[in-house]
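Note sheet for the following structure.
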Amino acid sequence: MPEIRLPNGDCLKVEDGSTVLDVAQKIGAGLAKAALAGRIDGKLVDLRTPLNQNVTLEIVTSKDPQADDVVRHSAEHVMADAVKQLWPDVQIDVGRTDHSEKFQYDFKIDRAFTPEDLEKIEAKMKEILKSKAPFEREVVTREEAKKRLEEMGEHLKISRLADIPEGEDITLFKHGKFVDLCRGPHVQSTSQIGAVKLLDSSASYWRGDESNEMLQRIYGTAFGDKKALAEYLERIEEAKRRDHRRIGKELDLFSVSEEVGPGLILWHPKGALLRYLIEEFWRREHISGGYDLVFTPHVARAHLWETSGHSSFYKENMYSPMDVEEQPYLIKPMNCPFHIQIYNSKLRSYRDLPFRWAELGTVYRYERSGVLHGLLRVRGFTQDDAHLFVTPETLNEEITRVIQFMVHIYRAMGFTEYDIYLSTKPEKAVGSDEDWDRATEALRQALEKTELPFEIDPGEGVFYGPKIDIKVRDSLNRSWQCGTIQVDFNLPARFNLEYVDKDGNRRAPIMIHRALLGSMERFVGCLIEHYAGALPLWLSPVQAVVLPISDKQASYAKEVQDQLVAQGFRVEVDLRSEKLGYKIREAQVQKIPYMLVLGEREMAQREVSIRKRSGQQQSGISLEGLVKLFREEEEKKICER
RNA sequence: GCCACCCUAGCUCAGAUGGUAGAGCAACUGAUUCGUAAUCAGUAGGUCGCCGGUUCGACUCCGGCGGGUGGCUCCA
């Protein structure tokens, strides 16, 4: 008789063949009713999983962080069921529930689902939920599973059978008449899926490979109750309101012109000012952080890219060569070979190392039309790049230093939470396994030293080396790929980089490639969404607008503007003969941090009244007081929203 | 690039079944001088993304191209 250990420390003896659900029933009827899944030794399992050995078991109810995943996974089955009922010839592939609050399922069908189809499917799903069909689990042999799937005409699914490792139970899950090859976990019955909503449909390649046929994928979400769904939909609306493309237009920050070409950003004056402010901060911090700034050209002879390996390993992202006096030249997709040329311009000594060379380097990469997206994915962008040339002795120390510097910069920009990934050797790669191991190990050790939590992302490194990717979390808890740190033994070898060591021997330096913000384009897009356009004072293109109540205060208004401008602030004045409410609304829509209201009173006292974009008001502020207030807020870099 | 959808005034959007277009906001002009998110009136503004086809006639139907959106794949 297996012994089951419970979270409260209790031990429970159960009969052979008892399931997770049986245990829930034994502990309490109420708990059994609320049970959505189990967790055995930390791993999520289906309620119907038999307990054959001594384990630690936790019953997952709606309060569990993973509860929604179970609900969504169950909804996946319900959706596949609904689609099969509506289109009996459809073949199901697989579903997926990730942690993005969505589930999906792929279908082989010779049409694309329309929004009306989704409505029909959703209606059918709701019928199924009402039917309160219980989920049933059946363990079968491989042959039996194959036979059953063949009978159902699920040929795509049969190929998935081969993915199940030998020795693992092959389980079929059934609710109503619908049977699916699946591992679970599922809720007890469809009635526990409180709310479903289909979100979208699109095509996707079978097994994610673009040489395969396309399947139709439907995305949906599900929650235990309707309130949670409503909150989710509200979050989606909020994300739409913050869309940097929308805010970028509203605040007149940037645009893309069909005439110029897709993925090529035009920075309008206010957007350019925002970028300038970030860049100035970036340059100052780099100089004080031990970096040197460099500038390099936008094109180089094709030969340079052959030496670097880009011509073979990065070809699909590079634009066609141009002819310059019968020599082929290429537009740069990366800055590294140029910095390498600077390194190679003279003989280097170990005493000179490390070099830390930073450049806001504009690169051009061919991105397929379908992937372009606002400022986040473009064809021409400026990386906040740097290359460090270091000796093996200081490699780890330098990586640690880069990570710490990066965190410092992110904090200043208002980002305090990160997801960090260590990406290892990809399939297409240059260099020996030994170098790759050394480089990967260096990154890992540096990360461990900083005590920042990270995950391994296998096979996701760049062709010349492994990397650390840093994603910042925004105010909606979404994560954005920004920084990257890469260790590289390959380019130094390809370009024969060397330095003279203490003993007089020549050795190869190691390169660290790194970008913190990623690119100015992406980072500004990210900032806009993080702050919903309400940028902190130090980054606001317009920091304050002076609003005289009537024409009588016009000259005083200009005087206030002039004085603040003279103090280095970015201040506008609205002299139009509009009512105060109108001017405030406009400033509010423009997300200007401070509105300075001037009427008879203020003019007489030579003061201003302030209204923050938060709605907060304060009157009787002297100009000196205002300057002090602004300076302090700029210094803090923190934004009140 | 692939799949689906979309493209009407600067912006947001209306415009069954084919008969060459409208609203709100913005802009401009005038009046208003009004204390914390929209004062009133008037004016102007569109070869309905582009090219071709069908038709007596196309913003509406068909085809091609361009651009966009959501995915797939890829990525700073």
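Only a predicted model underlies this, so the values are computations on that prediction, with no experimental measurement involved. Throughout, a chain's letter reflects where its sequence line sits, starting with A, and its residues are numbered from 1.
Within the 4.0 angstrom heavy-atom criterion, only backbone atoms of the sugar-phosphate kind lie near A/Q481; the bases stay farther away. Contacts of A/G208 with the nucleic acid, taken as non-hydrogen atoms under 4.0 Å apart, involve only primed sugar atoms and P, OP1 or OP2. Nucleic acid contact for A/R576: sugar-phosphate only, since backbone atoms but no base atoms lie under 4.0 Å from a heavy atom of the residue. A/Y205 comes within 4.0 angstrom of a nucleotide base, judged by non-hydrogen atoms across all strands. Counting non-hydrogen atoms under 4.0 angstrom, A/F523 reaches nothing in the nucleic acid.
Using a 4.0 Å cut-off, some side-chain N or O of A/R245 falls inside it from OP1 or OP2 of B/G70. At the phosphate of B/C72, OP1 or OP2 sits under 4.0 Å from a side-chain N or O atom of A/Y219. Checking the phosphate oxygens (OP1, OP2) of B/A4, no side-chain nitrogen or oxygen of A/R111 falls inside 4.0 Å. One finds no side-chain N or O of A/K471 lying less than 4.0 angstrom from the OP1 or OP2 phosphate oxygen of B/A76.
Per the geometry, CE belonging to A/M603 stands 14 Å off P belonging to B/G35, to the nearest Å. The distance between atom CZ of A/R601 and atom C1' of B/U33, rounded to the nearest whole Å, is 17 Å. Summarising the geometry, the separation between CD on A/E578 and P on B/C28 is reported as 11 Å, rounded to the nearest angstrom. Distance CG (A/D93) to C1' (B/C72): 13 Å, rounded to an integer number of Å. If you take OH of A/Y364 and P of B/A76, they are 18 Å apart, rounded to a whole angstrom. For A/Y582 and B/U32, the OH to P distance is 18 Å, given to the nearest whole Å. Nucleotide B/G35 holds its P atom 18 Å from the CE atom of A/M595, rounded to whole Å. As rounded to whole Å, 10 Å separates atom P of B/G70 from atom NZ of A/K102.
For A/F338 and A/W305, the gap between ring centers is short of 6.0 Å. Ring centroids of A/Y364 and A/Y319 are separated by 6.0 Å or more, keeping the two rings apart. For A/F107 and A/Y105, the ring centers sit closer than 6.0 Å to each other.
Under the stacking definition used here (centres under 5.5 Å, planes under 30°), the residue A/F381 qualifies as stacked on the base of B/A76.
Base pairing of B/A23 is made with B/U12, judged by Watson-Crick or G-U wobble geometry with both donor-acceptor distances under 3.5 Å.
Comparing atom distances between the A/P262 side chain and each of B/G68, B/U33, B/G35 picks out B/G68 as nearest. Comparing B/A76, B/A4, B/A37 against the side chain of A/R585 picks out B/A37 as the nearest. If you check B/G70, B/A37, B/A76 against the side chain of A/T484, the one that comes closest is B/A76.
Looking only at side-chain heavy atoms (C-beta outward), A/H513 and A/Q383 stay at 4.5 Å or farther from each other.
The salt bridge (charged side-chain N to carboxylate O under 4.0 Å, His left out) test with A/R207 singles out one residue from A/D163, A/D106, A/D93, and that residue is A/D163.
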Apply ring pair (Phe, Tyr, Trp, His ring centres under 6.0 Å) to residues A/F523 and A/W282 and explain how you reach the verdict. CA-CA 12 Å; A/F523 189 75; A/W282 184 93; over 10 Å; no
